[in-house]
Amino acid sequence: MRSVGVRELKQRASQVLRDLRDRGEEIEVMWSTLDRVARRTGAPRLARLAVAALLRLPGLRLMPVDDVLARTAAERASRVIEVLAPGSAT
C-alpha cells in the first residue's frame with residue numbers, strides 16, 4: 001500500500017469540501033478551524049482571503065467548541081486520517 005503525502009491529503013480534503021458544496025449539503029465547522037486556516041496561510045492578506053472563502057461556502061455552519069466537541073472532533077479526525085492514509089496515524 002502506498003503512502004499518502006500531506007499535499008495529497010490536502011487535495012483530497014479540498015475535493016471533499018467541493019463535493020459537499022456542490023451537493024448543497026451543510027458543512028459544520030468549529031470556530032477554531034477559521035483560526036487554524038488563517039495561521040496556516042503564513043501571511044495576513046492570505047489569511048483574510050482564506051477565511052473569507054470559507055465563510056462564503058453555502059451551508060457553512062460555525063459551531064462553538066466545548067470539551068465534548070473537541071474530543072469528538074479529535075476522534076473523528078483520527079478516523080479520517082486512517083481512511084485517507086492507512087497506517088500514517090500510528
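Position 1 is the first residue of the sequence, and the numbers go up from there.
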How many angstroms lie between [atom1] in [X] and [atom2] in [Y], if you round to the nearest 0.5 Å?
{"X": "T72", "Y": "D66", "atom1": "OG1", "atom2": "CG", "result": "8.5 Å"}
{"X": "L49", "Y": "L54", "atom1": "CG", "atom2": "CG", "result": "11.5 Å"}
{"X": "L62", "Y": "M30", "atom1": "CG", "atom2": "CE", "result": "11.0 Å"}
{"X": "M63", "Y": "T33", "atom1": "CE", "atom2": "OG1", "result": "9.5 Å"}

- Count the heavy atoms of every other residue, nucleotide or ligand shown that sit under 6.0 Å from CZ of R79, and state whether that count exceeds 12.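 Check passes, neighbour count above 12.
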
- Query: Hey, is CZ on R45 packed in by over 12 heavy atoms from elsewhere, all under 6.0 Å?
  - Reply: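 No - once you tally the heavy atoms of other residues, nucleotides and ligands closer than 6.0 Å, there are 12 at most.
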
- Message: With a 4.5 Å cut-off on side-chain heavy-atom distances among I, L, V, M, F, W and Y, is there a chain of contacts connecting W31 to V29?
- Response: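 Linked, W31 and V29 end up in one cluster.
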
- Task: Work out which heavy atom in G59 is nearest to a heavy atom in E26; give both atom names and the distance.
- Result: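 For G59 and E26, the tightest heavy-atom pair comes out as O-CG, 3.1 Å.
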
- Query: For the residue pair P64 and L69, what are the closest heavy atoms and their distance?
  - Reply: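 For P64 versus L69, the nearest heavy atoms are O-CD2, 3.1 Å.
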
- Item | Heavy-atom side-chain contact between L55 and L34 under 4.5 Å |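 With C-beta onward as the side chain, the pair touches.
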
- Message: Checking Q15 against R18: is there a side-chain donor and acceptor pair closer than 3.5 Å?
- Response: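 Side chains of R18 and Q15: pair found under 3.5 Å.
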
